[in-house]
Amino acid sequence: MKNKFYITTPIYYVNDNPHIGHAYTTILADVLTRYHRNIGDDTFFLTGVDEHGQKVKQAAEKRGLSPLEHCNDLAPRFINLWKKLGIEYSDFIRTTEARHIKVVQSALQKAYDKGDIYLNEYEGWYSVSEERFITDTEKDSGQFRDIKKLKEKNWFFKMSKYQQKLIGHINANPQFIRPESRKNEILGFLRQPLTDLCISRPKDRMDWGIELPFDKDYVTYVWFDALLNYITGCGYGSDETKFRKWWPAEIHLLGKDILTTHCVYWTTMLFSLELPLPKSIFAHGWWLTGETKMSKSLGNIVNPLDMIDQYGVDALRYFLMREMVLGQDANFTLEAFIKRFNSDLANDFGNLLNRVSGLIGKYFNGIVPEPGNKTEAEIYIEETAGNLEGKIKGLILDMRINEAIEETLQLVRSVNKYMEHSAPWQVAKSDLVRAGTILYTASEALRLAALFLSAVMPQKTSVVLDVLGSLGSKTSWGGLKPKTVLKPHEALFPRLEVPK
RNA sequence: CGCGGGGUGGAGCAGUCUGGUAGCUCGUCAGGCUCAUAACCUGAAGGUCGCACGUUCAAAUCGUGUCCCCGCAACCA
């Protein structure tokens with residue numbers, strides 16, 4: 001029986017073009033999905049876009065488009081980027097789709113019938129220019145002009161009702177919120193009594209949203225709209241068999257900014273709907289440039305599309321996965337990218353392929369030699385490679401992707417060392433059998449390294465595997481067949497010039 | 001006392017939960033090799049782990065205090 005693995009990214013807000021942050025989360029989800037598929041799990045990977053709300057409406061108006069026209073223009077930009085990044089999602093959801101609207105309305109009705117939704121008057125500071133209520137903190141910041149006190153009737157969700165239940169769930173499931181520091185943050189947040197959640201907007205003020213099934217003068221606002229995508233996407237309300245198969249998700253991936261939304265709002269909504277909670281919510285950190293966060297307003301966004309065109313998809317995926325310690329913030333600089341590219345991908349990994357294929361070409365006419373008797377050196381390489389699979393599995397399940405990659409690179413480095421010490425280019429002059437053993441061992445280790453990196457760099461690793469005639473081969477030692485004819489190839493990752 | 005994260009050789013980080021010779025990558029210096037993408041390999045220099053006190057046979061790791069940096073404070077991944 002296969003394990004199932006359902007992973008989600010947040011749905012991205014379409015008020016602007018996709019940037020490195022969106023790309024990062026989505027690549028991470030893709031890497032995890034590919035990894036699980038590689039080890040034989042049945043996988044479902046959901047991503048998509050969030051298309052309702054004030055900011056989308058405003059962005060559309062600015063361009064002289066209707067909100068839907070604006071969304072129809074933006075959604076493909078995400079889809080195209082994912083294609084370029086080699087993202088293999090299972091489904092891409094848009095919150096304006098009929099299937100989703102149906103789910104949102106039935107969920108709202110269900111919560112309403114249960115008595116979890118009620119009408120109340122809300123009073124707060126309203127920014128006329130922004131056309132929205134602002135928080136006290138925002139008011140105190142003094143960045144908003146044109147503000148006034150405003151009273152408005154709205155619908156509220158009884159989040160407070162589920163507070164204790166949620167605290168109990170978090171305590172009973174240590175893996176529920178990861179990393180642990182985030183769990184502590186949420187538990188800290190839950191020490192205060194929860195207030196109920198405002199989930200509506202009157203249509204006369206904001207009409208770009210899904211109408212409340214029990215009050216046609218209102219649309220639902222954000223929470224019941226966006227978060228429910230996770231169950232719409234896997235069949236809730238449309239395909240019961242599919243839904244039962246996939247829900248609950250193994251992982252909701254998200255950035256640390258929307259931690260509370262997912263850990264508190266979403267979970268209490270699920271309680272109200274009487275659905276199981278996701279197995280795990282994982283919040284990662286942010287990409288920083290220098291000291292500051294990469295953000296639209298600062299204009300220091302790295303455009304992932306430019307990176308792909310210049311350096312290749314796999315290099316970008318590699319850098320993002322290798323450089324960030326999951327859960328913490330990381331720095332994105334071109335300098336670090338180039339260093340990483342040259343030292344890991346060009347000098348260690350790509351160069352090893354050249355060494356091996358060059359030598360086999362020269363001394364064995366490009367045909368993989370039969371390995372002979374093993375010495376201690378071969379046994380060491382074989383053991384290192386053999387232990388790697390289990391080690392990587394532990395690290396990936398623990399969301400330590402960067403360490404899993406580093407372990408694999410350590411194998412690559414040890415093979416380079418092995419080559420240096422056993423010098424097959426000299427041995428070949430007197431002992432072809434011995435040289436063959438060395439080259440077989442090195443190629444086989446390289447094949448395994450490529451397999452272990454394939455979730456991160458699907459394109460380049462399949463080039464390596466193809467050269468070795470080993471596409472689709474297994475992760476056990478000996479998968480490389482002697483007598484295989486190596487295919488010619490280019491340099492895998494040509495070194496980059498360091499900009500002065 | 002709002003909440004959280006961080007301060008480890010020149011740079012970037014791991015290690016801190018489960019005390020016991022301080023580890024990785026990059027950079028620097030010297031040497032080797034020459035199959036390879038001026039790549040690779042070997043060796044070296046460089047850290048009193050922010051600071052102070054405490055617990056202990058033993059502290060980067062535990063406790064207390066203190067200084068500094070950075071986020072968050074209800075929809076930027």
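Only this structure's heavy atoms are used, side chains among them; waters, hydrogens and symmetry mates stay out.
- In this pair, Phe337(A) and Tyr311(A) present their aromatic rings tilted. The plane angle is within the 30 to 60° band.
- Nucleotides C68(B) and A44(B), compared at atom P, are 41 Å apart to the nearest Å.
- Distance noted for atom P between G5(B) and A38(B): 46 Å (whole Å).
- Checking Arg340(A), Arg413(A), Arg355(A) one by one against Asp348(A), the salt bridge (charged side-chain N to carboxylate O under 4.0 Å, His left out) holds for a single residue, Arg413(A).
- In this structure A77(B) sits in no base pair that meets the Watson-Crick or G-U test at under 3.5 Å.
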- Message: Under the criterion side-chain contact (heavy atoms from CB on, under 4.5 Å), I'd like the reasoning laid out for Leu395(A) against Ile401(A): C-alpha separation, chi angles, the key distance, then a yes or no.
- Response: CA-CA 7 Å; Leu395(A) 290 169; Ile401(A) 315 279; over 6 Å; no
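- Atom C1' of G2(B) sits at a distance of 32 Å from the matching atom of U18(B), rounded to the whole Å.
- With rounding to whole Å, Gln163(A) atom CD is found 14 Å from A74(B) atom C1'.
- Taking atom P on both C70(B) and A30(B), the two are 39 Å apart, rounded to the nearest angstrom.
- Comparing Ser414(A) and Val222(A) by the nucleotide of RNA chain B that holds the closest heavy atom to each, the one mapping nearer the 5' end is Ser414(A).
- Here C53(B) sits opposite G63(B) as a Watson-Crick or G-U wobble pair (both hydrogen-bonding atom distances under 3.5 Å).
- Classification of the His262(A)-Tyr230(A) ring pair by plane angle, with boundaries at 30° and 60°, yields tilted.
- What separates CD of Glu407(A) from C1' of G23(B) is a distance of 12 Å, to the nearest Å.
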- Determine, for nucleotides 33-40 of chain B in 5'-to-3' order, which nucleotides have protein heavy atoms under 4.0 Å from the base (write B), from only the sugar-phosphate (write S), or from neither (write -). SSBBB-SB
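- For a distance-only test at 3.5 Å, the side chain of Tyr265(A) qualifies as a donor-acceptor partner of the base of A74(B).
- Here the C1' atom of nucleotide G15(B) and the CG atom of Asn402(A) are 13 Å apart, to the nearest Å.
- A distance of about 9 Å separates the C1' atoms of U56(B) and G19(B), rounded to the whole Å.
- Each of Lys256(A) and Met324(A) lies near RNA chain B, and the nucleotide nearest Lys256(A) is the one positioned closer to the 5' end.
- Under 3.5 Å, the side chain of Thr26(A) and the base of A77(B) form no donor-acceptor pair of N or O atoms.
- Regarding Arg201(A), its CZ atom lies at a distance of 11 Å from the P atom of C75(B), rounded to whole Å.
- Counting non-hydrogen atoms of neighbouring residues, nucleotides and ligands closer than 6.0 angstrom, the CD atom of Glu121(A) exceeds 12 such neighbours.
- For the pair Lys460(A) and Phe493(A), the cation sits on the ring face: its NZ or CZ lies under 6.0 Å from the ring centre, inside 45° of the axis.
- If you take atom C1' in C49(B) and the same atom in G6(B), they sit 14 Å apart, rounded to whole Å.
- When both pairing distances are held under 3.5 Å, U18(B) makes no Watson-Crick or G-U pair with any nucleotide shown.
- Straight-line distance between the C1' atoms of C57(B) and U64(B): roughly 22 Å, to the nearest whole Å.
- The partner of G23(B) is C13(B), judged by Watson-Crick or G-U wobble contacts that both fall below 3.5 Å.
- Partner assigned to C3(B) is G71(B), using Watson-Crick or G-U wobble distances below 3.5 angstrom.
- The separation between Phe78(A) atom CZ and C76(B) atom C1' is 11 Å, rounded to whole Å.
- Between G12(B), A77(B), C75(B), one nucleotide has an atom nearer to the side chain of Glu323(A) than all others, and that is G12(B).
- Distances shorter than 4.0 Å separate none of the side-chain N or O atoms of His421(A) from OP1 or OP2 on C41(B).
- When rounded to the nearest whole Å, the span between CZ of Arg178(A) and C1' of C17(B) equals 16 Å.
- A salt bridge does not link Asp207(A) to Arg201(A): none of the charged nitrogens lies less than 4.0 Å from a carboxylate oxygen.
- Within the nucleic acid shown, Gly285(A) comes within 4.0 Å of at least one base atom, counting heavy atoms only.
- Without hydrogens or angle criteria, Thr220(A) side chain to Ile199(A) main chain gives a donor-acceptor distance under 3.5 Å.
- Base pairing of G43(B): its partner is C29(B), meeting the Watson-Crick or G-U wobble criterion (both donor-acceptor distances under 3.5 Å).
- Comparing G71(B) with C26(B), their C1' atoms are spaced 27 Å from each other, to the whole Å.
- Classification of Arg434(A) and Glu378(A) as a salt-bridged pair holds, one side-chain N sitting under 4.0 Å from a carboxylate O.
- As rounded to whole Å, 17 Å separates atom P of A11(B) from atom CZ of Arg340(A).
- Rounded to an integer number of Å, the gap from Ile338(A) CD1 to G12(B) P is 18 Å.
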